[in-house]
There are 2 protein chains.
Amino acid sequence: MGQSDTKEKILDTAEKLFAKKGFHSTSLRLITKEAGVNLAAVNYHFGSKESLLEAVFERRLNPLNSIRRKRLKEIRDNAGKTGTLPSVEDVLRAVIEPTLKFKASGKGAENFIALVGRSMVEPNETVLRIFQNRIRPLFLLCFEILCEALPNMPKETIFLKTHFSVGAMSHIMCERGKMEVLPDGINPVQDMDNVIDLLVRFVTAGMESK
Amino acid sequence: MGQSDTKEKILDTAEKLFAKKGFHSTSLRLITKEAGVNLAAVNYHFGSKESLLEAVFERRLNPLNSIRRKRLKEIRDNAGKTGTLPSVEDVLRAVIEPTLKFKASGKGAENFIALVGRSMVEPNETVLRIFQNRIRPLFLLCFEILCEALPNMPKETIFLKTHFSVGAMSHIMCERGKMEVLPDGINPVQDMDNVIDLLVRFVTAGMESK
DNA sequence: CAATAATTCAAACGTATGTTTTAATCATAC
DNA sequence: GTATGATTAAAACATACGTTTGAATTATTG
């Protein structure tokens, strides 16, 4: 262990529990017990519970946002070079695909995606502020390019529809799309590529609808 | 006051605060203080904080669910009588319209709709269980009729898309679609009828998409 | 090896929570 | 008007929380 794996153990466990139970309902005692570290370690390494949450976001959201921003800018640049409008589907896929594929990117990433989905509708002001500060720039960039892709649609309409899309995506991200049982032998398990394609086509059709 | 308006005052205040801050983050002391009643009144009238939440749901969700169920059944009956397929847009509108119009139905209803939207993605197991027990039958009914409306689409696909639609609707219901500021003079305030129409057309286009 | 810094640990602190208790107050019926 | 039941009130209860403390331990450095 280079320095100490205590910080990593705390981050992994906090990520999992915040995603599963929410920020407020997850105590530091539960996190540290499950991580096998001392209670005081959180305040020693991170300063506070709030700062721990920030660190959880920081660790994964920075790389993920880089990918999404890069793909969005590529689309915009490409449209600029060819003198064509960006494709609505390309824009939406540039956000959705890396986000949902991130789930399969490594241990714990799945927990993180659920946490992000949950944070999008989080009532707690602390969580909301921390999260929105890190996500708003990307949301606005996406919104701007959608406006370029749909020059004849009122921006207020595009704004609302972007939020519809965010809602659809975040709902799937939290995996609350279960509602437990399904009747007559429906198998809700679908591979992620299928879910991604369905979601992209769903929000694209919605975004382009009259 | 026929019996006592203490119960009503508690219900109104709890509804507002649960919607704004979440279940776990809202203390009985805050509720009772803001309602102007004694702390012990909650446990006297409702038994526990959990039962208070159930009562908050009970009071408004029963009438709302009746309306939505009635409209859904009318659509199914009508299709049966005329020998035609139900219209996807009609089905989705039957759920969305009463829900969002409910906001303007009376004082406090707005808070309730935000609470419902939030509860759909609530991490807390208590809240989730209480809420899902009251909403699942309607979800399944809606899903069934959508399957009738789209006989050639795989049910797994319809199931996923129904959840996309729930996500889009709940995200708007929580009014988290703000993200605070918007650039270059976008006015996010739109009248509810406009939002309803946009959302219905959005999810209809998504639901019918290939 | 000695000394200094970083980390871990058990314990306690202060505060906030949901709930319960017990007495006081109010409304109602005889 | 008095007795009975429903409601309110203040206080205390037990528990859980985030945080802090100070000593013990471990790692690093000269």
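In what follows, every chain begins at residue 1, and chains take the letters A, B, ... in the order their sequences are listed.
The NZ atom of B:K9 sits 14 Å away from the P atom of D:dT7 (whole-angstrom rounding). Atom NZ of B:K21 is separated from atom C1' of C:dT17 by 14 Å (rounded to the nearest Å). The NZ-P distance, from A:K7 to C:dA6, rounds to 13 Å in whole Å. One interatomic measurement links the two molecules: CG of B:L17 to C1' of C:dG18, which rounds to 16 Å at whole-angstrom precision. For the pair B:H24 NE2 and C:dT17 C1', the computed distance is 8 Å after rounding to whole Å. Spacing between atom CZ of B:F23 and atom C1' of C:dT17 amounts to 12 Å, rounded to whole angstrom units. Between A:I31 atom CD1 and D:dG18 atom P the separation is 8 Å, expressed in whole Å. Spacing between atom CG of A:D5 and atom C1' of C:dT7 amounts to 12 Å, rounded to whole angstrom units.
Of the residues near DNA chain D, B:N38 and A:S25, the one whose nearest nucleotide (by heavy atom distance) lies more toward the 5' end is B:N38.
Using bins of under 30°, 30° to 60° and over 60° for the plane-to-plane angle, the ring pair A:F202/B:F202 lands in the perpendicular bin. The aromatic rings of A:F139 and A:F159 sit perpendicular, their planes meeting at an angle over 60°, well past the 30° parallel limit.
Of the charged side-chain nitrogens involved, at least one lies within less than 4.0 Å of a carboxylate oxygen, so that A:D197 and A:R93 count as a salt-bridged pair.
One side chain, A:N62 or A:E58, offers a donor N or O that lies under 3.5 Å from an acceptor on the other. Between the side chains of A:S51 and A:S48, at least one donor-acceptor pair of N or O atoms lies under 3.5 Å.
Under 4.0 angstrom from either OP1 or OP2 of D:dA16 there lies no side-chain N or O belonging to A:S27. Contact check, B:T6 against D:dT7: no side-chain N or O comes under 4.0 Å of OP1 or OP2.
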Atom pairs, N/O to N/O, protein against nucleotides 19-22 of chain D, distance under 3.5 Å?
unit_1: D:dT19; atom_1: OP2; unit_2: A:N43; atom_2: OD1; d: 3.4
unit_1: D:dT19; atom_1: OP2; unit_2: A:K49; atom_2: N; d: 2.9

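In this view, A:D12 and A:R59, A:K107 satisfy the side chain to side chain donor-acceptor pair (under 3.5 Å) rule, not counting sequence neighbours.
When each of A:I196, A:D193, A:V95 is paired with A:L100, the side chain to side chain contact (heavy atoms under 4.5 Å, CB included) condition holds for A:I196 and for no other.
Among C:dT8, D:dA9, D:dT7, the nucleotide with an atom closest to any side-chain atom of A:H45 is C:dT8.
Here B:T26 lies in heavy-atom contact (under 4.0 Å) with sugar-phosphate atoms only.
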